[in-house]
Amino acid sequence: MSRLLGSSFALLVLMPSVKAQAGSTSITPETPPMLRQIPPVAVPGRPYLTFYRFGYDAALVTRSGDFDRDGDPDVIIGPLSGVPPRLLLNDGNGRLTEVTDTHMPNLTTNIVMQGMTVDLDGDGDLDFLGANYSSNYLSGLWLPATILDNDGTGHFTDVSAQRGIIASYSHPYIFSSSCAAADFDGDGDVDIVLSGGGIAGLGRLSCRLWRNDGSGRFAYDASGFPNDPGYRADELGDLLSADLDGDGDIDLASPGTANGMALWINDGTGHFTDATTTNLHPAPSQYVFRTVALGDVDGDGDLDIAASRCCVLDVPFLFLNDGRGQFLEVSATQMPSNSDSGDSLQFADFDDDGDLDLLSVIRPNHITRFPGEEQLLLNNGWGWFTLDAERRFFGTNPNGYVADLVTEDFDADGDVDVIYGSNIAQPTPPQRLPYYLNTHRHTYAPDPPRRGATWRVKLCGPVASTGVLAIAFAPGGTPIPSLGRLGLDPGTLQLWPTAVTIRNEREAPIDVPISNLPLLLGMPIYVQGLLNEPQRGWRLTNVWVEDAIR
């Protein structure tokens, strides 16, 4: 990024200096964690009310997707009783604005145990599918699933009753705990599988298949799954779909109350075989699993499985796939003995080294006074994990009962951020969802800019990185190969002439003097960093946005 023509506004703000900035790399008493909540960027909470208590920030489902088709990931938080489904739209720089009241239907009596975002009707935008643990009783119809149709701009309509997923004599399941959606029968449209939940006295299927007619209407097919005693039902809300055996069709995995896990292998036509005891070695029959996660942890091109036990602090399970859907447990040798598994597991590349790490979020225990915490297990690239015992990535953050979370690059800087959709037991802080921004490469300002004062901007990056800052008065969006996205307007862009070095605290302050000129009052300002990282070379950070100079 170099100084360009048209930067007259920037010259009013910047006081250039050719010297290295004095005190630009001060040593702090405690190294901040890499993933942290930055107060100026927060996700608002909403109140909820149940039979048990009143609180904030309650949901069981959090999902991301580009719902308004503007190129960045937005967030849907599934409905809990007393809280409608929530929609937060991203401005492209990681700032999320709630538009629930204008964009979402009011489903205040629904409790959705699991949900996903998928194009159900083939119109090119992302809809929402949720498994209803309880729902509205509309016109004599029990609805085991919530379907919200997207109009392509992020405005959703409840079409649950119109799409055909209705409890009846042939489908006597009035509610569900988990759902999955994919082209299970290979005909080019998205089908639905529901599992778990209550049974209205008839039938004993663990999972139920609904086939899509191509237009987003669904018909129940009782032959999709074997008629079993319901022992493989997913009661906890983690039904995951993927090609597990490498044959080109979509299989299923989920936690379960019998044999620890359910593993369903598809024949390519949407007919599933229970492979729990034949494809898991050994099959963990003595356990009840709480959650599962899928990811290629050893880099061999197939999907492996991580799982956690229910209500037990113990090492996470790890099953490695041989490429044909046969899974061998290697927990004792490849998972750290000093780690614990929690209610939520998620694979993502948190340290930006090209492999999948594992985040485990553990709920509080009010009997033992265990506050709840995050544990990050770092992958060496071959599926061998070590615990981040030094808490370089997550600090000691007491959390609530985190039932679900989403990992996504919300601020377009190339690293993984995290949002918790649920903080039911112990809101911290109250009225705000935990939103952890990854500062592996990051620019932010703790306080807003003011005329006639010095504005402190912090440039974060790996230790020994060098970096520079650029400032503009309008946003941009230019992809630059190998660097990332230039999010500043070239016409007002000004390169700050001071380079800084990132020391052990992983951030360096840059003090920017703001002129005391009247025309600057209320003017927006945008800043972005460019880092030369020891392992990755030059990379652009996120864009930090201030709506107005004060």
Check your understanding: Between Met335 and Leu377, does a side-chain contact (heavy atoms from CB on, under 4.5 Å) hold up when you go through it step by step?
Key -> CA-CA 8 Å; Met335 300 299 276; Leu377 281 61; 3.5 Å; yes
Check your understanding: Is a side-chain donor or acceptor of His103 paired with a backbone partner of Val99 at a separation under 3.5 angstrom?
Key -> yes
Check your understanding: Do the non-hydrogen side-chain atoms of Val118 and Asp127 ever get within less than 4.5 Å of each other?
Key -> no
Review point. CZ/Arg441 to SG/Cys460 distance, rounded to the nearest 0.5 angstrom?
Key: 12.0 Å
Point to revise | Straight-line distance of Gln535 CD to Asp352 CG, nearest 0.5 Å | key: 10.5 Å
Review point. Do Thr146 and Asn132 have side-chain atoms, one donor and one acceptor, less than 3.5 Å apart?
Key: yes
Study note, to complete from the structure: On a heavy-atom basis, the closest approach of Ala293 and Leu345 is CB-O, 4.0 Å
Practice item. For residues 237-250, pull every pair meeting salt bridge (charged side-chain N to carboxylate O under 4.0 Å, His left out), keeping only residues two or more places apart or in separate chains. Key: none
Point to revise | With sequence neighbours excluded, residues passing side chain to side chain donor-acceptor pair (under 3.5 Å) with Asp68 | key: none
Check your understanding: Is it true that a side-chain atom of Asn438 and a backbone atom of Leu35 form a donor plus acceptor pair closer than 3.5 Å?
Key -> no
Practice item. Quick one: closest heavy-atom pair of Ser331 and Leu318, and the distance? Key: OG-N, 2.9 Å
Review point. Asn93 and Arg485: side-chain donor and acceptor closer than 3.5 Å?
Key: yes
Review point. Is there a donor-acceptor contact under 3.5 Å linking the side chains of Ser465 and Glu533?
Key: no
Review point. Passes side-chain contact (heavy atoms from CB on, under 4.5 Å), Phe156 versus Asp149? Steps please.
Key: CA-CA 5 Å; Phe156 289 83; Asp149 180 60; over 6 Å; no
Revision key, fill the gap. Closest heavy-atom pair, Gly325 versus Asn279, reported as atoms and distance to 0.1 Å, is O-ND2, 2.9 Å
**Study point:** Close side-chain approach of Gln326 to Leu328, heavy-atom, < 4.5 Å
**Key:** no
Check your understanding: Has the side chain of Asp74 got a donor or acceptor atom that lies under 3.5 Å from a matching backbone atom of Phe67?
Key -> yes
Point to revise | Check ion pair Asp351-Arg392 (N to O, under 4.0 angstrom) | key: no
Study note, to complete from the structure: Shortest non-hydrogen pair, Cys207 vs Val193, comes out as CB-CG1, 3.9 Å
Exercise for review: Give every residue pair that meets the ring-ring contact (aromatic ring centres under 6.0 Å, His included) criterion with at least one member in residues 374-394, sequence neighbours excluded.
Suggested key: Phe394-Tyr436
Check your understanding: Can you tell if the side chain of Asp191 reaches within under 4.5 Å of the side chain of Trp210, non-hydrogen atoms only?
Key -> no
Check your understanding: Within the distance-only criterion (no hydrogens, no angle test), does the side chain of Asn321 pair as donor or acceptor with the backbone N or O of Leu303 below 3.5 angstrom?
Key -> yes
Exercise for review: Say whether Glu329 and His281, considering side chains only, have a donor N or O and an acceptor N or O under 3.5 Å apart.
Suggested key: no
Review point. Does the side chain of Ile147 reach to within under 4.5 Å of the side chain of Ile165, using non-hydrogen atoms?
Key: yes
Check your understanding: Checking side-chain contact (heavy atoms from CB on, under 4.5 Å) against Asn90, which of Asp411, Asp70, Leu96 comes through?
Key -> Leu96
Check your understanding: Mind checking whether Thr407 and Asp417 have side chains closer than 4.5 Å, heavy atoms only?
Key -> no
Check your understanding: In chain order, what residues pass the side-chain contact (heavy atoms from CB on, under 4.5 Å) check against Thr386, with sequence neighbours excluded?
Key -> Leu378
Practice item. Would you give the length of the straight line joining atom OG1 of Thr541 to atom OH of Tyr444, rounded to the nearest 0.5 angstrom? Key: 13.0 Å
Check your understanding: Is a side-chain donor or acceptor of Ser176 paired with a backbone partner of Ala131 at a separation under 3.5 angstrom?
Key -> no
Point to revise | Asp234 and Ser178 side chains, donor-acceptor separation under 3.5 Å | key: yes
**Study point:** Spatial distance of atom CG (Leu194) from atom CD (Gln114) [nearest 0.5 Å]
**Key:** 10.0 Å
Exercise for review: Give a yes or no answer on whether the side chain of Asp349 reaches the backbone of Gly354 with a donor-acceptor pair at less than 3.5 Å.
Suggested key: yes
Practice item. Examine distances only and state if a side-chain atom of Asn542 and a backbone atom of Thr443 form a donor-acceptor pair shorter than 3.5 Å. Key: yes
Check your understanding: For the side chain of Asp228 and the backbone of Ser206, is there at least one donor-acceptor N/O pair under 3.5 Å apart?
Key -> yes
Practice item. Could you verify whether a donor N or O on one side chain and an acceptor N or O on the other, from Arg36 and Tyr435, lie under 3.5 Å apart? Key: no
Check your understanding: Just checking, any donor-acceptor pair under 3.5 angstrom between side chains of Glu374 and Tyr420?
Key -> yes
Exercise for review: Walk me through it: do Asp388 and Gln375 pass the test side-chain contact (heavy atoms from CB on, under 4.5 Å)?
Suggested key: CA-CA 7 Å; Asp388 176 29; Gln375 288 191 353; over 6 Å; no
Point to revise | Trace of the side chain to side chain donor-acceptor pair (under 3.5 Å) decision for Glu408 with Ser64 | key: CA-CA 8 Å; Glu408 211 34 285; Ser64 62; 2.9 Å; yes
Exercise for review: Check step by step if side-chain contact (heavy atoms from CB on, under 4.5 Å) holds for Thr97 and Asp91.
Suggested key: CA-CA 8 Å; Thr97 301; Asp91 69 349; over 6 Å; no
Point to revise | Single hit among Arg506, Arg391, Glu390 for side-chain contact (heavy atoms from CB on, under 4.5 Å) with Thr31 | key: Arg506
Practice item. Working to the nearest 0.5 Å, report the span between CE of Met261 and OG1 of Thr276. Key: 8.5 Å
Check your understanding: Does the side chain of Leu107 come within less than 4.5 Å of Leu148's, by heavy atoms?
Key -> yes
Exercise for review: Using a 4.5 Å cut-off on heavy atoms from C-beta on, say whether the side chain of Glu507 contacts that of Thr439.
Suggested key: no
Exercise for review: State which residues pass ring pair (Phe, Tyr, Trp, His ring centres under 6.0 Å) with Phe272; sequence neighbours excluded, sorted by chain then number.
Suggested key: Phe184, Phe225
Review point. For Ile250 and Asn266, which heavy atoms make the closest approach, and how far apart are they?
Key: O-ND2, 3.0 Å
Practice item. With rounding to the nearest 0.5 Å, note down the distance linking CG in Asp189 to CZ in Phe218. Key: 7.5 Å
Check your understanding: Going through the distances and angles, do Arg208 and Asp221 end up as a salt bridge (Lys or Arg N to Asp or Glu O under 4.0 Å)?
Key -> CA-CA 7 Å; Arg208 288 84 68 186; Asp221 182 358; over 6 Å; no
Exercise for review: Evaluate salt bridge (Lys or Arg N to Asp or Glu O under 4.0 Å) for Arg163 paired with Asp121, printing each intermediate quantity in order.
Suggested key: CA-CA 10 Å; Arg163 294 297 176 84; Asp121 50 9; 3.7 Å; yes
Check your understanding: So does Arg290 pair up with Asp343, basic N to acidic O under 4.0 Å?
Key -> yes
Practice item. Taking ring pair (Phe, Tyr, Trp, His ring centres under 6.0 Å) as the test, write out the residues that go with Phe128, two or more places apart. Key: none
Check your understanding: Where the side chain of Asp72 meets the backbone of Phe410, is there a donor-acceptor pair that is under 3.5 Å apart?
Key -> no
Revision key, fill the gap. Scanning both residues in full, the closest heavy-atom pair of Ser341 with Pro316 reads CB-CG, 3.6 Å
Exercise for review: Using a 4.5 Å cut-off on heavy atoms from C-beta on, say whether the side chain of Leu120 contacts that of Ile192.
Suggested key: yes
